[in-house]
Amino acid sequence: MLIVSDIRENRPEFIAGLEKRGMADATALLDEVLALDEKRKSTQTKLDELLAESNKISKSIGLLMKEGKQDEANQAKAKTSELKSQTKELGQVLEETKQELDDKLYQIPNIPNEEVPAGNSEDDNEVLYTVDQLPELGDDALPHWELIKNYDIIDFDLGVKITGAGFPVYKGKGARLQRALVNFFLDEADHQGYDEVQPPVVINEASGRGTGQLPDKEGQMYHITDSDLYLIPTAEVPITNLYRDVIVDEKDLPIKNVGFTPCFRREAGSWGAHVRGLNRLHQFDKVEIVQVQHPDKSFDTLIEMRDHVEGLLKRLELPYRILKLCAGDLGFTSNITYDFEVYSAAQKRWLEVSSVSNFKTYQANRLKLRYRDADNNKHLLHTLNGSALALPRIIAAILENGQTPEGIKIPAALHQYAGFETIS
RNA sequence: AGAGAAGUGGCAGAGUGGUCGAAUGCACUGGUCUUGAAAACCAGCGUGCCGCAAGGUACCGGGGGUUCGAAUCCCUCCUUCUCUGCCA
């Protein structure tokens with residue numbers, strides 16, 4: 001959530017930022033926010049004045065009663081009764097105004113970083129790096145969904161039987177490969193100083209709001225209505241919310257966490273030509289890295305995280321490219337995002353396997369996540385996260401790119417973890 | 001899941017209708033003392049909102065209610081503990 005006082009101070013900058021995202025009515029929306037905030041403040045002031053008077057009289061009533069001045073006490077009571085109806089009314093106005101202001105703020109996405117290129121669609125994303133030479137497979141190369149069947153390592157039909165489409169069953173070396181990747185990713189993060197956590201994969205509404213999935217992505221999460229809980233779409237939600245309502249000491253920064261969880265996405269309406277096999281699932285595994293950092297250092301941290309993800313792809317020997325997302329393609333809560341895509345050689349297409357983002361104070365404001373500086377003053381922190389990495393598409397790329405007549409060669413970095421070198 | 005008990009500041013723990021935002025202790029911060037440290041002593045030490053400030057206001061698990069006035073009384077939800085049941 002944007003910070004109202006910042007909007008007031010730098011209104012043109014915020015308007016420009018939102019327009020860069022393609023928001024047409026940015027000026028009107030921001031002005032509504034500012035007006036509501038003015039109303040909130042003046043109402044608060046008035047209410048406080050009335051309450052102050054009321055409190056004063058109430059105290060005097062106590063004293064009068066002690067002195068036995070019953071009549072005077074009763075007179076004072078009449079006066080406060082009058083005030084009471086006024087404060088009640090104003091209190092309601094204040095609550096409504098706050099609610100309205102909140103609702104407005106929830107509709108407004110983060111503003112893009114100045115580094116973020118302009119643009120409306122993924123075509124405008126900036127390619128920061130791409131592999132020199134795309135791998136060429138023979139004409140008989142198979143897409144991963146064929147390979148999966150041939151080697152019997154992932155079973156979609158069984159998943160349909162147990163749950164439904166988009167919930168595959170990993171079997172034998174498929175399951176082992178997945179576990180190997182998880183352990184590899186977790187160990188690599190551990191080497192980079194991330195503390196591992198295992199959060200719940202079910203979250204409450206407050207957590208969904210804290211990181212901005214609610215109300216923006218209500219329809220994309222599985223909702224357990226009889227308990228009013230949600231299945232996580234990413235470990236970002238439970239891990240970042242670990243720090244909701246927290247004030248950390250400046251010297252304890254940065255906070256670095258890594259977590260492995262399944263992720264659940266309804267992907268409503270997004271089934272089409274490009275979702276075969278492992279390309280898009282309702283449930284998938286992901287290792288996520290999260291950092292909470294000092295505002296002055298978060299940009300360097302973003303690069304550090306980007307480098308970490310890049311290192312993983314290098315060690316997996318997969319052809320990849322790095323994109324800097326344009327303003328129009330940026331996630332709702334993000335200030336700047338780098339996407340990583342691996343090349344799936346049989347499908348001949350790029351698959352997104354990681355998104356590394358800096359949210360700056362957008363999430364922290366909602367989370368009330370702050371740090372205390374040397375002078376004991378409190379300031380909002382910056383939150384960042386990135387996939388490191390999402391599993392199914394990595395597996396798809398490993399399978400397709402590693403296929404040979406003798407079987408599928410898996411990357412050397414995984415041999416120890418998997419306990420095998422070839423799927424045959 | 002059933003029965004009972006309890007939720008107060010970083011922690012411990014007072015407070016059952018009226019200067020209570022809240023005693024006291026510990027922890028923490030600054031100072032005095034000391035060659036240094038410890039001890040002792042002095043002072044400070046929650047959060048949000050409004051305000052340039054002085055100050056005001058709100059918060060004692062969450063929400064609602066009674067009252068001129070609620071940490072204190074009532075309702076409700078949540079959580080924790082104990083016992084019973086069930087279970088990996």
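Chain identifiers are assigned alphabetically (A, B, ...) following the order of the sequence lines, protein sequences preceding nucleic acid strands; residue numbering begins at 1 within each chain. Bear in mind that the values here come from a model prediction, so they are computed numbers and not experimental data.
- Among the heavy atoms of the strands lying under 4.0 Å from A/Ile61 is at least one base atom, whether or not backbone atoms are also near.
- When heavy atoms are screened at a 4.0 angstrom cut-off, A/Ser58 is found touching base atoms of the nucleic acid.
- Between A/Lys84 and A/Ala52, the residue anchored nearer the 5' end of RNA chain B, judged by the nucleotide with its closest heavy atom, is A/Ala52.
- Checking B/rA58 for Watson-Crick or G-U wobble geometry (two distances, each under 3.5 Å) identifies B/rU47 as its partner.
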Show each protein N/O and nucleotides 76-80 of chain B N/O combination with a separation under 3.5 Å, one pair to a line.
none

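- Rounded to an integer number of Å, the gap from CE of A/Met65 to C1' of B/rC68 is 8 Å.
- Annotation: cation-pi geometry not satisfied between A/Arg393 and A/Phe284 (NZ/CZ under 6.0 angstrom from ring centroid, within 45° of ring axis).
- Remark: the separation of the C1' atoms in B/rA43 and B/rU35 is 26 Å, to the nearest Å.
- If you take atom C1' in B/rG31 and the same atom in B/rU82, they sit 48 Å apart, rounded to whole Å.
- Look at CD on A/Glu49: it is 15 Å from C1' on B/rA54, rounded to the nearest Å.
- Minimum atom distance to the side chain of A/Ser81 is reached by B/rC68, of the listed B/rA58, B/rC50, B/rC68.
- Residue A/Lys39 contributes atom NZ, which lies 16 Å from atom P of B/rC50 at whole-angstrom precision.
- Put simply, the side chain of A/Asp124 gets close to the backbone of A/Asn120: a donor and an acceptor are under 3.5 Å apart.
- Rounded to whole Å, the distance from CG on A/Asp37 to C1' on B/rG51 is 14 Å.
- With the nearest nucleotide of RNA chain B identified for both A/Glu53 and A/Ala76, A/Glu53 has the one nearer the 5' end.
- To the nearest angstrom, P of B/rG63 lies 16 Å from CD of A/Gln92.
- A close approach under 4.0 Å does not occur between any side-chain nitrogen or oxygen of A/Asn55 and OP1 or OP2 of B/rG69.
- Rounded to the nearest Å, the gap between the P atom of B/rU66 and that of B/rA12 is 34 Å.
- Across all strands shown, B/rU82 is found opposite B/rA3 as a Watson-Crick or G-U wobble partner, with both distances under 3.5 Å.
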Distances under 3.5 Å between protein N/O atoms and the N/O atoms of nucleotides 42-49 of chain B, please, pair by pair.
unit_1, atom_1, unit_2, atom_2, d
B/rU47, OP1, A/Arg372, NH1, 3.2
B/rU47, OP1, A/Lys378, NZ, 2.8
B/rU47, O3', A/Arg370, NH1, 3.4
B/rG48, OP1, A/Arg370, NH1, 2.1
B/rC49, O3', A/Arg40, NH2, 2.3
B/rC49, O2', A/Gln44, OE1, 2.9

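- For B/rC26 and B/rC20, the P atoms lie 23 Å apart once the distance is rounded to whole Å.
- One atom, CD of A/Glu95, and another, C1' of B/rC59, lie 13 Å apart when rounded to the nearest Å.
- Residues satisfying the side-chain hydrogen bond (donor to acceptor under 3.5 Å, both in side chains) criterion with A/Arg372, sequence neighbours excluded, are absent altogether.
- Using P as the reference atom, B/rG63 and B/rC78 are 15 Å apart when rounded to the nearest Å.
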